[in-house]
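For the numbers below, each heavy atom of this structure counts, side chains included, while hydrogens, waters and symmetry mates do not. Each residue takes its place number in the sequence, starting with 1. Small disclaimer: the values here were computed from a predicted structure and weren't measured.
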Amino acid sequence: MSDGRTEAMRGTYFSGKHEVKHSKEYYDVNRNRSKKDNNLIPGINHMPNQKWHKIISFIKSGIRIIGYGFIPFNLVIATGVLILSEVIGIIEELV
């Protein structure tokens, strides 16, 4: 009579008969590194600058938070600040 564990483990990883086979890409440590030759990806030189995109996005979010903070006090100033944040959002997409 069995406790059920042997039957439960049969055919699983713990049975000892399981052999993990990985593809060649699994062991390729250079697969995620950037290539020195940028010609492999068309248009890579025209990609936006991620660093500046992130910085401008944070600035835009900060201005947006300030604009929402002005809503209970002065709607005119809040509207102006939120419009400014949208203009910065357009600039963000162009970077």
Side-chain angles (χ1 to χ4, degrees):
M1 181 164 216
S2 172
D3 61 354
R5 186 172 183 187
T6 305
E7 285 79 16
M9 298 296 217
R10 187 170 290 144
T12 65
Y13 175 78
F14 300 103
S15 66
K17 297 177 183 176
H18 181 69
E19 182 180 336
V20 179
K21 294 182 181 178
H22 296 289
S23 63
K24 179 185 172 200
E25 288 81 22
Y26 184 81
Y27 296 106
D28 185 12
V29 295
N30 295 322
R31 71 182 181 279
N32 291 329
R33 293 196 180 156
S34 63
K35 307 283 190 266
K36 296 257 182 184
D37 186 15
N38 289 336
N39 296 330
L40 297 177
I41 302 172
I44 192 74
N45 295 330
H46 303 291
M47 297 291 289
N49 188 340
Q50 293 179 2
K51 178 182 175 185
W52 281 106
H53 187 86
K54 183 175 77 170
I55 291 171
I56 293 175
S57 177
F58 288 152
I59 292 171
K60 177 188 72 171
S61 296
I63 291 174
R64 225 179 239 168
I65 290 169
I66 292 170
Y68 287 127
F70 271 112
I71 287 177
F73 306 109
N74 192 340
L75 283 177
V76 175
I77 293 176
T79 303
V81 172
L82 290 173
I83 289 173
L84 176 66
S85 74
E86 290 303 317
V87 170
I88 292 174
I90 293 170
I91 294 169
E92 170 193 5
E93 296 303 322
L94 297 176
V95 172

Main-chain N/O of L75 paired with T79 side-chain donor or acceptor, under 3.5 Å = yes
Distance-only, no hydrogens or angles: does the H53 side chain make a donor-acceptor pair with backbone N or O of E93 under 3.5 Å?
-> no
Between A78 and G67 the two heavy atoms that sit nearest each other are CB-O, 3.4 Å
Least distance between heavy atoms, K60 atom then G89 atom | CD-CA, 3.5 Å
Is [X] linked to [Y] within one hydrophobic cluster, defined over Ile, Leu, Val, Met, Phe, Trp and Tyr using a side-chain heavy-atom separation of less than 4.5 Å?
X: I63; Y: I77; value: yes
X: I65; Y: I71; value: no
X: I66; Y: L84; value: yes

Using the side-chain contact (heavy atoms from CB on, under 4.5 Å) rule, take Y68 and L82 through it: C-alpha gap first, then chi angles, then the decisive distance, then the call.
-> CA-CA 8 Å; Y68 287 127; L82 290 173; 3.9 Å; yes
In this structure, CH2 of W52 is separated from CD1 of I59 (nearest 0.5 Å) by 8.0 Å
Salt-bridge present (R64, E86; N to O < 4.0 Å) | yes
